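Heads up: the structure comes next, in structure tokens.
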Amino acid sequence: MKIWVDADACPVVIKEILFKAADRLALSLTLVANQTISIPTSPNIKFVRVSPGFDVADNEIVKRLAVGDLVITGDIPLAAEVIEKGGLALNPRGELYSPDNIKARLGMRDFMETLRSSGIQTGGPPALSKTDRQVFANNLDKLLTKFVKKT
């Protein structure tokens with residue numbers, strides 16, 4: 001299993017949790033973004049910079065993704081592509097996207113996009129809380145523990 005991070009919008013605290021997990025379990029972690037992101041010196045952690053543009057980082061992740069890889073993203077269309085390709089998708093708040101819930105998430109995303117484009121102020125998501133960070137860390141640990149047991 002490789003871990004891919006849609007890193008442009010990934011909160012720093014989530015990246016720090018991922019850095020520790022990658023080193024602890026000797027897993028390959030690759031951050032993909034269109035701007036430079038600092039990463040710790042580690043043989044397990046890599047950074048891929050892509051050119052600016054709409055969905056360029058997402059497309060790079062999907063291109064490199066293998067069945068069973070894990071992608072960290074809050075981007076629901078990217079999560080849908082990851083699932084379709086046989087990967088796992090976990091958002092920075094710890095929610096695991098699945099074939100059972102991704103269609104509903106896409107529908108809600110499209111609905112909110114329609115509201116925003118019609119001028120209705122919907123606001124953004126709330127700030128990442130300590131609880132969100134803990135849920136992410138716990139769910140990441142569950143996924144990685146399952147993977148480690150398989151290998």
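These numbers come from a predicted model, not from an experiment.
Residues M1 and L88 are in side-chain contact: their nearest non-hydrogen atoms beyond the backbone lie under 4.5 Å apart. The shortest side-chain heavy-atom distance between L90 and Y97 does not fall under the 4.5 Å cut-off. Contact check for T73 versus V82: no side-chain heavy atoms found under the 4.5 Å cut-off. Between I72 and W4 there is no side-chain heavy-atom pair separated by less than 4.5 Å.
Shortest non-hydrogen contact noted between D141 and T145 is O-OG1, 2.7 Å. The nearest pair of heavy atoms linking A127 to D132 is O-OD2, 3.9 Å. Minimum heavy-atom separation, A89 to A79: CB-CB, 3.8 Å. The minimum heavy-atom distance between I45 and P40, with the atom names listed, is CD1-CG, 3.7 Å. Residue S51 comes nearest to V56 through the heavy atom pair O-CG1, 3.3 Å, listed as atom of the first residue, atom of the second, then distance. Of all heavy-atom pairs between A21 and L144, the closest is CB-CD1, 3.9 Å.
Here CG of D6 is found 4.5 Å from CD1 of I61. Values are rounded to the nearest 0.5 Å. If you take NZ on K63 and CD on E81, they are separated by 13.5 Å, rounding to the nearest 0.5 Å.
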Indicate every side-chain donor-acceptor pair of residues 22-39 with a distance under 3.5 Å to a residue at least two apart or in another chain.
unit_1: D23; atom_1: OD1; unit_2: S42; atom_2: OG; d: 2.5
unit_1: D23; atom_1: OD1; unit_2: N44; atom_2: ND2; d: 2.9
unit_1: T36; atom_1: OG1; unit_2: R49; atom_2: NH1; d: 2.9

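With F136 as the partner, the side chain to side chain contact (heavy atoms under 4.5 Å, CB included) test is satisfied by one option alone out of L128, N91, L18: L18.
D75 places a side-chain N or O within 3.5 Å of a backbone atom of L78 that can act as its donor or acceptor partner.
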Should V62 and V71 be marked as a side chain to side chain contact (heavy atoms under 4.5 Å, CB included) after you check the CA-CA gap, both sets of side-chain angles, and the distance that decides it? CA-CA 9 Å; V62 171; V71 176; over 6 Å; no
For E95 and N101: C-alpha separation, side-chain torsions, deciding distance, then whether side chain to side chain contact (heavy atoms under 4.5 Å, CB included) applies. CA-CA 10 Å; E95 179 184 10; N101 69 19; 3.9 Å; yes
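With respect to R64 and E60, a salt bridge is recorded, a charged nitrogen being found less than 4.0 Å from a carboxylate O. A salt bridge does not link D69 with K2: none of the charged nitrogens is closer than 4.0 Å to a carboxylate oxygen.
Note on V135 and L70: separate hydrophobic clusters, where clusters join Ile, Leu, Val, Met, Phe, Trp and Tyr whose side-chain heavy atoms are under 4.5 Å apart, directly or indirectly. Both F47 and I17 belong to a common hydrophobic cluster when Ile, Leu, Val, Met, Phe, Trp and Tyr are linked at side-chain heavy-atom distances under 4.5 angstrom. Residues L140 and V5 are members of one and the same hydrophobic cluster, defined by side-chain heavy-atom contacts under 4.5 angstrom among Ile, Leu, Val, Met, Phe, Trp and Tyr.
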